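Just so you know, these numbers come straight off a predicted model, no measurement behind them. What's counted below: heavy atoms across the whole structure, side chains too, no hydrogens, waters or symmetry copies. Convention: sequence-line order gives letters A, B, ...; per-chain numbering from 1.
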There are 2 protein chains.
Amino acid sequence: MPSLTVPAPVVAPPSAIKASQCRPGTLAGELRISLLRTARRVRMERSSSEITDAQYSVLHALANLGPLTPGVLADREHVQPPSMTRTVAALVEAGLAARSEHPTDRRQVLVTITTAGEQEVRETKRRRDAWLAKRLADLTLAERATLAEATEILRRIATA
Amino acid sequence: MPSLTVPAPVVAPPSAIKASQCRPGTLAGELRISLLRTARRVRMERSSSEITDAQYSVLHALANLGPLTPGVLADREHVQPPSMTRTVAALVEAGLAARSEHPTDRRQVLVTITTAGEQEVRETKRRRDAWLAKRLADLTLAERATLAEATEILRRIATA
DNA sequence: CAACTTTCGTTACCTAAGGTAATGACGTAA
DNA sequence: TTACGTCATTACCTTAGGTAACGAAAGTTG
C-alpha cells in the first residue's frame with residue numbers, strides 16, 4: 001500500500017468558494033443540510049429491509065461494545081426504556097440478538113448479539129461502503145482529497 | 001454581503017492527506033463513520049419549539065421559493081399528498097402559512113408563508129444551526145473553506 | 001356541447017414507532 | 001425485615017406517515 005503524501009492541493013480548488021460561504025453561521029446552514037441528506041441516503045443502504053433503523057443502531061452498539069443491558073442501550077440511543085424493550089424484542093425475534101441473565105443482578109438483562117446479528121452488521125457496512133465508494137470513484141482526485149480532509153475535520157467536530 | 005472569492009487555499013492543508021486515504025474504497029469507510037457520527041450529533045440538537053421537522057422544512061421551502069401548491073410541496077418533501085395536507089393544515093392553524101386560491105386552476109391551492117412564518121424560519125434556523133456554527137467558529141479559515149467545498153461535493157453525491 | 005377521463009386536494013381509516021403511567025421482581029438501606 | 005429505589009416489562013395513548021376512496025374542477029373526445 002503506497003503511502004506517499006499528496007503534494008498539497010494537486011490543483012487549485014475547482015469550485016469557487018466565496019468568503020461568505022466560510023462564515024460559521026452561513027456554512028453551518030449549508031453543511032447541516034448536505035450532511036443530513038447524505039447521511040440519510042447512506043443509511044438507506046441496508047443489508048436487509050427487514051430491519052429498522054433503530055434496530056440496526058442497537059445492533060451496531062452491541063457489535064462494538066459487547067453485551068449491554070436494555071437500560072444502557074436506552075440511554076445510548078436516547079430513547080425511553082419501553083421503546084428499547086420493543087426494539088430488543090424485535091431483534092431477539094429476528095434471531096439477531098439474544099437475552100441472557102445478568103451475572104450479579106437478577107433484575108437486569110444482558111442483550112447479546114448473535115452471529116447472525118454480526119453478519120447483518122458487516123453486510124450493512126459493506127453495502128454502505130460500496131454505495132459511497134461508487135460515488136467517490138466518479139470524483140476527481142482533488143475532490144477526494146478535499147473529502148479526506150473534511151473527514152478528519154468532521155471527526156474532530158463530532159467528538160468535541 | 002461581501003462576496004470576494006477566497007484566494008485559493010490560504011495555506012497548504014495542515015493535515016497531511018495520504019494518497020491511500022483518497023482511494024474510493026478506503027475513503028468510503030472513513031467518510032461513512034465521520035458522516036454518520038456527525039449527522040447523528042447534529043440531529044441530536046433538535047429545536048425545542050412547537051414546530052415539527054416536516055413543518056419547518058415546508059416553511060423553509062415557502063420562504064425560499066415563494067407560494068407553492070400542496071402537490072409540488074409533497075413532491076419536494078418526498079411525502080404523499082395527504083401528509084402534506086396535514087402539514088399545511090398545521091402551519092395554517094399556527095398562523096405560519098395561509099391558503100389562497102390558484103389564479104387559473106380552481107382545483108389547486110396556493111400555500112403562502114406569513115410574516116410570522118418568516119420570523120419562525122429565521123429563529124428556528126438560528127437555533128438549529130447554533131451548535132454546528134459554534135464548532136465551525138473554532139476552525140481555521142482554511143478548514144472552513146475545506147468544509148465549504150465538501151458541502152458542495154456531498155450535495156452532488158446525495159442527489160446523484 | 002355532452003360524456004368520459006384525469007388531476008388535485010381532501011377525508012377516512014390503518015400502521016408503525018415512540019412516550020407516559022403503572023406493575024412486578026429484585027436489590028438495598030434503615 | 002420492612003421500606004424504598006431500580007430495572008425491565010406491560011398497557012395505553014399520541015403522533016406522523018401511508019393507502020383507499022371521494023368530490024370538485026380541468027382536459028379530452030365523440
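Atom CZ of B:R41 has more than 12 heavy atoms from other residues, nucleotides or ligands within 6.0 Å.
How far CG of A:L59 is from CD of A:Q119: 11.5 Å, rounded to the nearest 0.5 Å.
Contact annotation: B:S83 does not reach the phosphate of D:dA16 (side-chain N/O to OP1 or OP2, under 4.0 Å). Side-chain N/O atoms of B:R86 include none lying less than 4.0 angstrom from OP1 or OP2 on C:dG9. For A:T52, a side-chain nitrogen or oxygen approaches OP1 or OP2 of C:dA17 to under 4.0 Å. Close to C:dT7, at under 4.0 Å from its OP1 or OP2, lies no side-chain N or O of B:R106. OP1 and OP2 of C:dC26 both lie 4.0 Å or more from every side-chain N or O belonging to A:Q108. At the phosphate of C:dG9, neither OP1 nor OP2 sits under 4.0 Å from any side-chain N or O atom of B:R107. Look at A:T85 and you won't find any side-chain N or O under 4.0 angstrom from OP1 or OP2 of D:dT10.
At the heavy-atom level, B:P81 lies under 4.0 Å from base atoms of the strands shown. Counting non-hydrogen atoms under 4.0 angstrom, A:A54 reaches the backbone sugars and phosphates but no base. Within 4.0 Å of A:P82, counting heavy atoms only, lies at least one base atom of the nucleic acid.
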Item to check | Steps toward side chain to side chain contact (heavy atoms under 4.5 Å, CB included) verdict (B:R144, A:Q21) | outcome: CA-CA 9 Å; B:R144 287 202 297 272; A:Q21 291 178 267; over 6 Å; no
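For the residue pair B:E77/B:S57, the side-chain donor-acceptor check at 3.5 Å is satisfied.
When the P atom of C:dA16 is taken as reference, atom CG of A:D53 falls 17 Å away, rounded to whole Å. Atom NE2 in A:H102 sits about 13 Å away from atom P in D:dT9, given to the nearest Å. With rounding to whole Å, B:E93 atom CD is found 16 Å from D:dT15 atom C1'. For the pair A:H78 NE2 and C:dG18 C1', the interatomic distance rounds to 15 Å; values are reported in whole Å. Counting to the nearest Å, the P atom of D:dC7 and the CD atom of A:Q80 are 13 Å from each other. Per the geometry, CG belonging to B:D105 stands 17 Å off P belonging to C:dT6, to the nearest Å. Distance A:E101 CD to C:dA25 C1': 14 Å, rounded to the nearest Å. Following rounding to the nearest Å, B:L68 (CG) and C:dG9 (P) show an atom-to-atom distance of 11 Å.
Each of B:M84 and A:Q55 has a nearest nucleotide on DNA chain C; the 5'-most of these lies closest to B:M84.
With A:Y56 as the aromatic partner, A:R127 does not meet the cation-pi criteria of under 6.0 angstrom to the ring centre and within 45 degrees of the ring axis.
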